Participant: 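Below: one structure in C-alpha cells.
For clarity, every value in this text was computed on a predicted model and none was experimentally measured. To find a chain, count down the sequence lines: A is the first, B the second, and so on, and within it residues start at 1.
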Amino acid sequence: MNNKNHTDVDYLLLGRYLSGEASPAEAIALEEWLTVSPANKQLFEQISNVWSNLASEEKCILPDKAAFFQQIKDQFPQRPQPKIYPLKRISVVTKIAASIVLIAGAAFLYLTLSKKDQSKNTIALTRQTQQTILHDTLPDGSTAIINSYSSLRYPDQFTNNKREIQLNGEAWFSVMANPSKPFIITTGPIHIKVIGTSFNVRNTNETIEVAVKTGIVRMLNNSDSITVQAGEKGIYNIRKQLFSLLNRYNLNEIGYATKVFNFENATLKEIIDQLQKAYDIKIIITNKHLEACTMSSSFDNKSIEYIFDVLAMTLNIEYRIEHKTVYISGNSCT
Amino acid sequence: MDLHDGIINNDNRLTAVVERYFQSCFEGLYRYAFTLLKNNDDAKDAVQAVFVKLWEKRASIDEQQSMQSYLYTSVFHYCLNVKRHEKVRTAYIQNHQSIPHVFNDALTSRENVALITEALESLPPQCKLIFLKSRFEKKKYAEIAEELNLSVKTVEAQIGKALKILREKLSEVLILLVLLLTQ
C-alpha cells in the first residue's frame with residue numbers, strides 16, 4: 001500500500017461518515033479530502049468495501065450520471081417560463097406560399113385520416129362497474145381505476161394519432177407518455193386532453209372535476225379551456241359552462257385509486273368510508289359510539305392490516321379481519 | 001422582444017447552472033445520502049428531490065453563495081425526514097429479525113472471511129463491542145453511548161480506531177476485495 005499520500009487519514013471522520021452520522025459540513029470535508037489525492041480515494045473505497053461487506057447491507061452504487069440527470073430533468077415541473085417567439089417580417093410571397101402549403105397539408109391529413117378511420121375496424125369496449133372498483137389496462141398500456149357505478153368506453157386498439165376514450169362517473173388515470181398520440185377523455189360536454197400524467201376525473205352530472213397528481217392536463221369545451229397542473233384541480237360547471245381552478249385539493253378524494261390518505265382530525269366513520277372503497281372491504285363497527293372518534297394520520301399505499309394496526313393503537317380499539325370483512329370493537333376511544 | 005429574449009436566455013443559463021452543480025456535486029451528494037439512508041433507491045430519490053427543488057428555485061440562485069453547502073444541507077434534511085417516517089413504520093412492524101449473517105457477498109472468498117473475522121476478533125474488547133453494535137445492530141452513536149454509559153465522543157473514537165486497525169490488518173485482503181468487487 002502506498003501510504004505517503006494519506007498519512008493524515010481522519011478515521012474519526014471516516015467512521016462518522018460511514019455510520020451515517022456525518023453532518024453536511026463533515027460530508028463536504030470528506031469529499032474534499034477525497035479529491036486531494038487518488039490514494040485517498042482508493043483508501044476510502046477499500047474501507048467502504050469492508051464496511052458494506054461486514055453486514056448484510058446494500059452497497060452504494062452510483063447511478064449512471066447522464067441517465068440519472070436526464071431522469072431528474074424529466075421531473076422538472078413543466079411550467080416553462082413564458083416563451084415568446086418574435087414575429088419576423090415575412091414577405092407577402094412567403095405568406096401566400098405558406099398558406100398554400102398549410103391548406104394542402106390540412107387537406108391531405110384530413111383525407112388520409114378519415115380514410116384510416118373507415119379502413120380500420122376497431123371494436124368498442126365498455127367497462128362498467130357496480131359497487132366494486134375495477135382496475136383496467138388500456139390498449140396503450142395506460143391504466144385506469146374505475147370507481148363504483150362508473151363506466152369507461154374505448155376501442156380495443158388506438159389506431160389514429162389520438163387515444164380517445166369516454167367516461168361516465170369517476171376514474172383515475174395513469175397515462176403512458178406519448179407526445180405524438182394525445183390521450184383524450186370525453187366526459188359529458190367536455191374533453192380532457194393529456195400527454196402522459198396521472199389524474200382523476202369525476203363527472204357528477206353537475207360538475208366535472210379533474211384532480212391532477214403528476215404532469216399537466218388540459219380541459220376543453222367548445223369555446224373555452226383551462227390548464228390544470230400537478231397538485232391542482234380543475235372544475236367545470238356543466239350548467240353554467242364555466243371552468244374554474246383550485247390550487248390544491250384533498251388527496252383523500254382520490255384515495256380509492258391511489259391508496260394515499262391523509263386524515264386530519266377525521267372521524268372513524270369518515271376514515272372507514274374511504275377505506276371500504278379503496279380496499280374493497282366491508283367494515284362493521286359493533287359499537288356505534290366509536291364512529292365519532294377522531295384521529296389524524298397519513299397512509300401511503302399501506303396494507304389494510306397496517307392501517308388497522310395504527311387505528312387500533314391510536315383509538316384503543318380492537319379489530320379482526322374475516323375474509324373481506326373487518327369487525328371493529330371497543331368501548332370508547334379515550 | 002429583447003426583454004423576452006433576455007428572459008429565455010437567462011432561463012437557459014440558469015438551467016445550465018443547475019446542471020453544472022449536478023455535474024460537480026452529484027457523486028458526493030449521492031454517497032452522503034446513501035450513508036444516511038443505506039439504500040440506493042432512497043439515495044437516488046433524495047438527490048433527485050434536492051435537484052428538482054433547486055431547479056424550481058433557479059431564478060433565485062445566488063451564484064456567489066456556497067451552493068455546495070446548501071445542497072448537502074438539503075440532502076441531510078431530506079434524509080432525516082425519510083428516516084423519521086421510517087421509524088414510525090418500523091415501530092409497527094417490530095419483527096425482531098435474527099442477527100444478520102455477517103458476510104453475504106458471494107465474491108468474498110472463504111479465506112477472506114476468515115481473515116476479516118480474525119481481524120475483527122483482534123480488536124480490543126470495548127472497541128470491538130462498539131464497532132459491532134454500530135455495524136450489526138445498526139445503532140446510532142447516541143444509542144450506543146447511552147447503552148454503554150459512555151460519551152458519544154468515546155463511541156466515535158472507538159469506531160475510528162476499529163476502522164484504523166481493520167485497515168492495517170486487512171490491507172492485503174482489501175486490495176483483493178477491491179479487485180474482486182470492482183470487476
Participant: Could you look at Ser134(B) and say if it's the side chain, the backbone, both or neither that has a heavy atom under 4.5 Å from chain A?
Facilitator: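 Contact with chain A involves the side chain of Ser134(B) alone.
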
Participant: Nearest 0.5 Å please: distance from the CD atom of Glu19(B) over to the NZ atom of Lys73(A).
Facilitator: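 The NZ atom of Lys73(A) is 5.0 Å from CD of Glu19(B), to the nearest 0.5 Å.
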
Participant: Do Phe34(B) and Lys59(A) make a side-chain contact, defined as non-hydrogen atoms from C-beta onward lying under 4.5 Å apart?
Facilitator: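 Side-chain contact under 4.5 Å: no.
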
Participant: May I ask you to name which of Ile159(B), Asn40(B), Val18(B) has the most heavy-atom pairs under 4.5 Å with chain A?
Facilitator: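 Option with the top pair count is Asn40(B).
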
Participant: Can you tell me if CG on Asp64(A) sees more than 12 non-hydrogen neighbours from other groups inside 6.0 Å?
Facilitator: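 Counting neighbours around CG of Asp64(A), more than 12 heavy atoms of other residues, nucleotides or ligands fall under 6.0 Å, so yes.
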
Participant: With chain A, which of Leu36(B), Val155(B), Leu37(B), Val75(B) has the greatest number of heavy-atom pairs at distances under 4.5 Å?
Facilitator: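 Sorted descending by pairs with chain A, the first entry is Leu36(B).
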
Participant: Non-hydrogen atoms of chain B under 4.5 Å away: do they reach the side chain of Glu32(A), the backbone, both or neither?
Facilitator: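 For Glu32(A), side-chain heavy atoms alone lie under 4.5 Å from chain B.
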
Participant: Check whether any side-chain heavy atom of Glu21(A) lies under 4.5 Å from a side-chain heavy atom of Glu156(B), and answer yes or no.
Facilitator: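 Counting from C-beta outward, Glu21(A) and Glu156(B) never come under 4.5 Å.
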
Participant: Could you grab the distance from atom CD of Glu26(A) to atom OG1 of Thr35(B), nearest 0.5 Å is fine?
Facilitator: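 OG1 of Thr35(B) is found 10.5 Å from CD of Glu26(A).
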
Participant: Which bit of Gln158(B) comes within less than 4.5 Å of chain A, counting heavy atoms only: side chain, backbone, both or neither?
Facilitator: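 Nothing of Gln158(B), per the 4.5 Å heavy-atom cut-off to chain A.
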
Participant: Among Phe76(B), Tyr32(B), Phe51(B), which residue has the highest count of heavy-atom pairs closer than 4.5 Å to chain A?
Facilitator: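 Option with the greatest count: Tyr32(B).
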
Participant: Determine whether Phe26(B) and Phe69(A) make a side-chain contact, defined as any pair of heavy atoms from C-beta on separated by less than 4.5 Å.
Facilitator: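 A side-chain contact is absent here, since even the closest heavy-atom pair is not under 4.5 Å.
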
Participant: Report the distance from atom CG of Leu12(A) to atom NZ of Lys164(B), rounding to the nearest 0.5 Å.
Facilitator: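 Leu12(A) atom CG to Lys164(B) atom NZ measures 10.5 Å (nearest 0.5 Å).
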
Participant: Can you check whether Val47(B) reaches Phe68(A) side chain to side chain, under 4.5 Å on heavy atoms?
Facilitator: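 Yes, their side chains come closer than 4.5 Å.
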
Participant: Should we say atom CG of Asn301(A) is surrounded by more than 12 heavy atoms from elsewhere, each under 6.0 Å from it?
Facilitator: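 Yes, because the 6.0 Å sphere around CG of Asn301(A) holds more than 12 heavy atoms from other groups.
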
Participant: Establish, yes or no, whether a centroid distance under 6.0 Å links the rings of Phe131(B) and Trp51(A).
Facilitator: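 That pair passes the under 6.0 Å test.
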
Participant: Among Ala66(A), Gly20(A), Cys60(A), Ala27(A), who wins on heavy-atom pairs under 4.5 Å with chain B?
Facilitator: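 Heavy-atom pair counts peak at Cys60(A).
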
Participant: Using a cut-off of 6.0 Å, state whether more than 12 heavy atoms not belonging to Lys139(B) lie near its atom NZ.
Facilitator: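 Atom NZ in Lys139(B) is crowded, with more than 12 foreign heavy atoms closer than 6.0 Å.
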
Participant: May I ask you to check whether over 12 heavy atoms, not counting those of Lys65(A), lie within 6.0 Å of atom NZ?
Facilitator: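 Yes.
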
Participant: More than 12 foreign heavy atoms under 6.0 Å from CD of Glu318(A): is that the case here?
Facilitator: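 It does not: Glu318(A) CD has 12 such atoms or fewer within range.
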
Participant: Tell me, out of Ala43(B), Ala33(B), Cys79(B), Gly160(B), who's got the most heavy-atom pairs with chain A below 4.5 Å.
Facilitator: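 Highest number of heavy-atom pairs under 4.5 Å: Gly160(B).
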
Participant: Which value, rounded to the nearest 0.5 Å, describes the distance between Leu30(A) atom CG and Arg31(B) atom CZ?
Facilitator: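 Atom-to-atom, Leu30(A):CG and Arg31(B):CZ are 7.5 Å apart.
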
Participant: Could you tell me which portion of Phe44(A) (side chain, backbone, both or neither) has an atom closer than 4.5 angstrom to a non-hydrogen atom of chain B?
Facilitator: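 Answer is side chain: those atoms of Phe44(A) sit under 4.5 Å from chain B.
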
Participant: Identify the two heavy atoms, one from Lys38(B) and one from Ser19(A), that lie closest to each other, and give their separation to 0.1 Å.
Facilitator: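 Taking Lys38(B) first and Ser19(A) second, the nearest heavy atoms are NZ-C, 3.6 Å.
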
Participant: Going by heavy atoms in the side chains, are Tyr11(A) and Lys161(B) under 4.5 Å from each other?
Facilitator: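 Tyr11(A) vs Lys161(B): side chains apart.
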
Participant: Enter the distance from Thr73(B):OG1 to Ile28(A):CD1 here, rounded to the nearest 0.5 Å.
Facilitator: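 Between atom OG1 of Thr73(B) and atom CD1 of Ile28(A) there are 6.5 Å.
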
Participant: If you count heavy-atom pairs under 4.5 Å between each of Leu62(A), Leu34(A), Asp300(A), Leu13(A) and chain B, which one has the most?
Facilitator: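 Maximum pair count with chain B is reached by Leu62(A).
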
Participant: I'd like to know which of Gln48(B), Glu27(B), Lys140(B), His77(B) tops the heavy-atom pair count under 4.5 Å against chain A.
Facilitator: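 Of Gln48(B), Glu27(B), Lys140(B), His77(B), Gln48(B) has the most heavy-atom pairs under 4.5 Å with chain A.
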
Participant: Other residues, nucleotides and ligands only: do more than 12 of their heavy atoms fall within 6.0 Å of NZ on Lys233(A)?
Facilitator: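 Atom NZ in Lys233(A) is crowded, with more than 12 foreign heavy atoms closer than 6.0 Å.
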
Participant: Tell me if the CE atom of Met295(A) is crowded by more than 12 foreign heavy atoms within 6.0 Å.
Facilitator: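 Above 12, so yes.
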
Participant: Assess whether atom CD of Glu147(B) is packed by more than 12 heavy atoms of other residues, nucleotides or ligands within 6.0 Å.
Facilitator: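 Counting other residues, nucleotides and ligands, CD of Glu147(B) exceeds 12 neighbours.
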
